[in-house]
Amino acid sequence: MEQNHKTEPKTCALQKKHCGGCPLLSQPYAAQLAAKQARLEKLLGRFARVRPILGMQEPWHYRNKVISTFAAQGKGLTSGIYARGTHRVLPVESCLLQNETADQTVLAVRAAANACRLPPFEEDRGTGLLRHCVVRVGKTSGQVLVAIVTPGKEFPGSRNFVSALRAECQKRGVDLVTVVQNINPRKTSAVLGTEEKILFGPGAITDTLCGLQFAISARSFYQVNPVQTEILYRTAIEFAGLNGTQTVIDAYCGIGTIGLCAAAKAKSVLGIELNPAAARDAAANARRNRVANARFLCADATEYMVQLAAEGVRPDVVFLDPPRAGSTPEFIAALAKMAPKKAVYVSCDPTTLARDLALFAAKGYKARAIQPVDMFPHTEHIEVVCELCR
Ligand code: SAH
């Protein structure tokens, strides 16, 4: 594929203030891609040729999820990102990586909170109400979800706040579909807690990916770069070589995106996911799209693969998309015992991918194609899809 990444570097005023959001911003995009390619060739080149990384034509404003942390400013509050390595909030008005509708939504949240005189949470003293807000935008639907994180269950004035927020969003042309309160009493770096209360709307937005509709709630895992996600999934499905006859396992399936996108070209799909909320979302997404040949269950991928292998289950294709820690030797051994013709490994950490590809090789699975996709321009992160054949 012909690629042209002559995108000029942009500057951002937040960088001088030690925003850690885009560590590669000062490098031209083509140079970032070349550096990622070189790093991958070094790490993965011994397994197969590394295809040229697929970059973005417009590598800006790709993030569909924004986290903004509240802090006191004058008599009111502001919000933004922590300065690198600190808990000092840098107010953010706009960001080169964030979806512009999400930026507008954060400004609406701030305006509404200030109009209602809601106090920001102060970490040191443990006082105040608003900790963070999380905004998610459906790239194709334009729908917006706002989650307000509070330290406790109390949210005095929440009804007034929601009315004010809806008005502020309307002013800015933001299609606010739902507002939730997320309760996070813990003093950790995790933004969201486990308890949630819907303040307005259905509690989730929908977005379209590869022609299918997905429901996205505040806590569900959903890739943050929707443009590149379609390229990633299409590559993974192409590597699987599906023709409608194969039985497929989608391990570490999240809300079922890869498995559901593959289902039209498969005989059946079984998705395995550890997070119960994500597994439920996956089943609901199958119903929503009337995909009748996909099932999802909540289990540890390794334990379940070991069990399926012992039962003599023989899938034709296994997709695996584990978190950064990668898969496990037991998972890979169980997969080899099931002897699918193909495995397609989607990885967000090339170091653990290299470790796992060596384990696959020892079990008779050879990498045939390695395709990097730049899901996170201006950051060090790299996503890779690898086709493995028995
Ligand atoms: N394939 C999905 C999700 C990938 S993220 C997508 O593209 O959107 C990795 C997923 O693995 C997360 O949803 C996480 O909850 C899940 N996960 C983490 N550890 C797991 C385990 N031991 N067993 C099964 N799933 C696990």
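As a basis for the values below, the full set of heavy atoms in this structure was taken, side chains included, without hydrogen atoms, waters or symmetry mates. Both ligands and their constituent atoms are indexed starting at 1 by order of listing.
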For A190 versus N184, what's the shortest heavy-atom pair and its separation?
O-ND2, 3.0 Å
Side chains of S268 and T247: is there a donor and an acceptor less than 3.5 Å apart?
no
Looking just at side-chain N and O atoms, do Y82 and T69 make a donor-acceptor pair shorter than 3.5 Å?
no
Inventory of protein N or O atoms under 3.5 Å from ligand 1 N or O:
from	atom 1	to	atom 2	distance (Å)
ligand 1	1 (N)	Y252	O	3.3
ligand 1	1 (N)	D321	OD2	2.8
ligand 1	7 (O)	Q223	NE2	3.2
ligand 1	7 (O)	Y233	OH	2.6
ligand 1	7 (O)	D321	OD2	3.1
ligand 1	8 (O)	Y233	OH	3.2
ligand 1	8 (O)	T257	OG1	3.3
ligand 1	13 (O)	E273	OE1	2.9
ligand 1	13 (O)	E273	OE2	3.3
ligand 1	15 (O)	E273	OE2	2.6
ligand 1	22 (N)	D300	OD1	2.8
ligand 1	23 (N)	A301	N	2.8
ligand 1	25 (N)	L274	N	3.2

Heavy atoms of A83 and K17 approach each other most closely as CB-O, 4.1 Å
Measure up the F331 and Y252 rings against each other and bin them: parallel (under 30°), tilted (30 to 60°), perpendicular (over 60°).
tilted
Restricting to non-hydrogen atoms, name the atom on P202 and the atom on V177 that form the minimum distance, rounded to 0.1 Å.
CD-O, 3.5 Å
